[in-house]
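This report concerns only the one structure given below.
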Amino acid sequence: MRDIISRLRKFQIRIRKAVTTQMHGDLHSVFKGNGLEFNDLRAYQYGDDVRTIDWNSSAKGHGTFVKLFREEREQTVFFMLDVSASQQVGKKGQSKIDLAKEICGVLALSALQEQSQVGVVCFSDQKEKYVKPDKGLQQGYLLISTLFKLEARSTKTNLRSAMGFVLNIIRRRSVIVLISDFIDSDYETTLKALAKKHDLVVIHILDKRETELPKLGIIPIYDEETGQMVWRNTSSPRFQRRMRSTFQQQQQELERICRQNEANYLAVQTNEDFVPALVRLFRVRNQ
């Protein structure tokens, strides 16, 4: 645990330095609420904005009342981490799941340092682990321990089910960080609902092996999630084009959905340093 947290802290320091020097800001606006939330009611006074009138309370016949709001400061940051078998693609120590866990850990520590409540759900096609949102150093150790000790029970993925679970348990508007390779289908409607209700950040984990297979001729390819073995001619130009096209179309469609629904989208490759990518994300959110 000490080695893991030390490594995550180094990434966190690099991010903070980059944010401070490149954007003349900090991580405050990334994890803190910047909206308004309902606080109380009071009697209407001359000059009050009529748009703040609470018509339901006023209709009871005891006078006209307006809503009072306060600035929303404390924010809940909730992480959704895909731990299905397709996340195992990549070199040992540099697989998609390794990258996803490190990104989740770094952002969780940063959010806790900003006094946000932080929680996480790790999912496959079922709920693998759920940590209720909370604040403090102890919560940080619990989250990191959960992430790096977890071994998923299922190999499959169900993004729609996972997002439905979060929609049910996180009632108040929060920052939701969804980290996955998005190798699934029929999740678009639920993703739109999640983006509408919450401040959604989508981090798409990719590996070049999925689009640039070596030309090895006819070989067996094993699907970790379904457990099926298929034979494919990896030297075929048609096969190579189809693989690249499929993944590119999926990525472009996901990015389009995020853009249309005002969700932040970030793609990160396993062979790249993820710190500059996260800084780009922070730059967009700060703006």
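Being a predicted model, the structure only gives us computed values, none of them experimental.
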Apply salt bridge (charged side-chain N to carboxylate O under 4.0 Å, His left out) to Glu102 and Arg7, showing your working.
CA-CA 9 Å; Glu102 288 192 340; Arg7 187 169 76 250; 2.8 Å; yes
I would like to know whether Ser245 and Gln249 meet side-chain hydrogen bond (donor to acceptor under 3.5 Å, both in side chains); could you show each step before the answer?
CA-CA 6 Å; Ser245 175; Gln249 287 176 8; 3.1 Å; yes
Side chain to side chain contact (heavy atoms under 4.5 Å, CB included) assessment of Ile179 paired with Met80
CA-CA 6 Å; Ile179 306 174; Met80 298 178 62; over 6 Å; no
Under the salt bridge (charged side-chain N to carboxylate O under 4.0 Å, His left out) rule, what do Asp48 and Arg42 come out as? Steps first, then yes or no, please.
CA-CA 11 Å; Asp48 286 338; Arg42 68 162 170 79; 2.9 Å; yes
Worked check of side chain to side chain contact (heavy atoms under 4.5 Å, CB included) between Leu107 and Phe282:
CA-CA 11 Å; Leu107 293 181; Phe282 291 159; 3.5 Å; yes
Show, in sequence, the C-alpha distance, side-chain angles and deciding distance for Thr157 and Ser84, and conclude whether the side-chain hydrogen bond (donor to acceptor under 3.5 Å, both in side chains) test is met.
CA-CA 6 Å; Thr157 311; Ser84 62; 2.8 Å; yes
Mind running side chain to side chain contact (heavy atoms under 4.5 Å, CB included) on Ser116 and Thr76 for me, showing each step along the way?
CA-CA 6 Å; Ser116 298; Thr76 297; over 6 Å; no
Run the numbers on Val268 and His204 for side chain to side chain contact (heavy atoms under 4.5 Å, CB included), then give the verdict.
CA-CA 6 Å; Val268 185; His204 192 179; over 6 Å; no
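By the rule that hydrophobic residues join a cluster once side-chain heavy atoms approach within less than 4.5 Å of another member, Phe247 and Tyr265 end up as members of separate clusters. Under a hydrophobic-cluster definition in which Ile, Leu, Val, Met, Phe, Trp and Tyr are linked whenever side-chain heavy atoms come within less than 4.5 Å, directly or via other members, Leu99 and Phe79 are assigned to the same cluster. A chain of hydrophobic side-chain contacts below 4.5 Å, direct or via other Ile, Leu, Val, Met, Phe, Trp or Tyr residues, connects Ile203 to Phe274. When hydrophobic clusters are built by joining Ile, Leu, Val, Met, Phe, Trp and Tyr residues whose side-chain heavy atoms come closer than 4.5 Å, directly or via intermediates, Phe182 is not grouped with Val201. Using a 4.5 Å cut-off between side-chain heavy atoms of Ile, Leu, Val, Met, Phe, Trp and Tyr, with links allowed through other members, Val118 and Val166 fall into different hydrophobic clusters.
The shortest side-chain heavy-atom distance between Ile103 and Leu278 falls under the 4.5 Å cut-off. Put simply, the side chain of Phe65 does not reach to within 4.5 Å of the side chain of Ile53, judged on heavy atoms. Looking at Phe78 and Val120, their side chains never come closer than 4.5 Å, going by heavy atoms from C-beta outward. You'll find the side chain of Leu200 reaches within 4.5 Å of the side chain of Leu191, heavy atoms only. With a 4.5 Å cut-off on side-chain heavy atoms, Asn158 and Gln126 do not count as touching. The shortest side-chain heavy-atom distance between Gln117 and Val77 does not fall under the 4.5 Å cut-off. Tyr187 places a side-chain heavy atom less than 4.5 Å from the side chain of Leu254. The side-chain heavy atoms of Val121 and Leu81, taken from C-beta on, include no pair separated by under 4.5 Å.
In this model, no donor atom of one side chain and acceptor atom of the other lie less than 3.5 Å apart for Thr246 and Gln250. Asp54 and Ser57 share a donor-acceptor pair across their side chains, judged by distance under 3.5 Å alone. Counted by atom type alone, Gln113 and Gln12 present one or more donor-acceptor pairs between their side chains at under 3.5 Å. In summary, the side chains of Ser6 and Asp3 do not present any donor paired with an acceptor at a separation below 3.5 Å, with no hydrogens or angles considered.
Counting only distance, with no hydrogens or angles, the side chain of Lys197 and the backbone of Leu167 share a donor-acceptor pair below 3.5 Å. His198 places no side-chain N or O within donor-acceptor distance of the main-chain N or O of Ile176, the cut-off being under 3.5 Å. Looking only at distances, a side-chain donor or acceptor of Glu128 sits under 3.5 Å from a matching main-chain atom of Arg153. Remark: side-chain polar atoms of Asn261 are not paired, donor with acceptor, to backbone N or O of Cys258 under 3.5 angstrom. With hydrogens and angles ignored, the 3.5 Å screen pairs no side-chain donor or acceptor of Asp199 with any backbone N or O of Ser174. The main-chain N or O of Val106 is found under 3.5 Å from a side-chain atom of Ser110 such that the two form a donor-acceptor pair. Side chain of Asp49 to backbone of Arg51: a donor-acceptor contact under 3.5 angstrom is found. For the pair Gln88 (side chain) and Ala85 (backbone), a donor-acceptor distance under 3.5 Å is absent. Side chain of Lys67 to main chain of Leu41: no donor-acceptor pair is present (N/O by atom type, distance under 3.5 Å, no hydrogens or angles).
Considering CE of Met163 and OG1 of Thr189, their distance stands at 9.0 Å, rounded to 0.5 Å. How far OG of Ser161 is from CG of Asp125: 8.0 Å, rounded to the nearest 0.5 Å. Between the CG atom of Asn264 and the CG atom of Leu178 there is a distance of 12.5 Å, given to the nearest 0.5 Å. Note that CG of Asp134 is 5.0 Å distant from CD of Gln139, once rounded to the nearest 0.5 Å. A distance of 13.5 Å separates CD1 of Ile5 from NZ of Lys10, quoted to the nearest 0.5 Å. We find the CD1-CG distance between Ile205 and Asp98 to be 11.0 Å, quoted to the nearest 0.5 Å.
In this structure, the side chain to side chain contact (heavy atoms under 4.5 Å, CB included) partners of Asp207, at least two apart in sequence or on a different chain, are Val89, Lys96, Arg209, Glu210, Thr270. Asp186 is linked by a salt bridge (Lys or Arg N to Asp or Glu O under 4.0 Å) to nothing, counting only residues two or more places apart in sequence or in another chain. Qualifying salt bridge (Lys or Arg N to Asp or Glu O under 4.0 Å) partners for Arg256, counting only residues two or more places apart in sequence or in other chains: Glu253.
In terms of heavy-atom proximity, Thr190 sits nearest to Gly164 at CG2-N, 3.9 Å. Scanning both residues, Ala108 and Leu143, for their nearest heavy atoms gives CB-CD1, 4.2 Å. Heavy atoms only, all atoms of each residue included: Asp82 and Gln87 are closest at O-NE2, 2.9 Å. Among all heavy-atom pairs drawn from Ile144 and Gly105, the shortest one is CD1-CA, 3.8 Å. Shown here for Leu150 and Cys122, the closest heavy-atom pair between the two residues is CD2-CB, 3.4 Å. For the residue pair Thr64 and Ser58, the shortest heavy atom distance occurs at CA-OG, 3.5 Å.
No more than 12 heavy atoms of other residues, nucleotides or ligands lie within 6.0 Å of CD in Glu262, so this atom counts as exposed by the packing criterion.
Applying the 4.5 Å side-chain rule to ILVMFWY residues, one finds Trp231 in the same cluster as Ile218.
Within the structure, the ring pair (Phe, Tyr, Trp, His ring centres under 6.0 Å) test picks out the following pairs touching residues 127-158 (sequence neighbours left out): Tyr130-Phe165. Residue pairs meeting the salt bridge (Lys or Arg N to Asp or Glu O under 4.0 Å) criterion with at least one partner in residues 233-246, sequence neighbours excluded, are absent.
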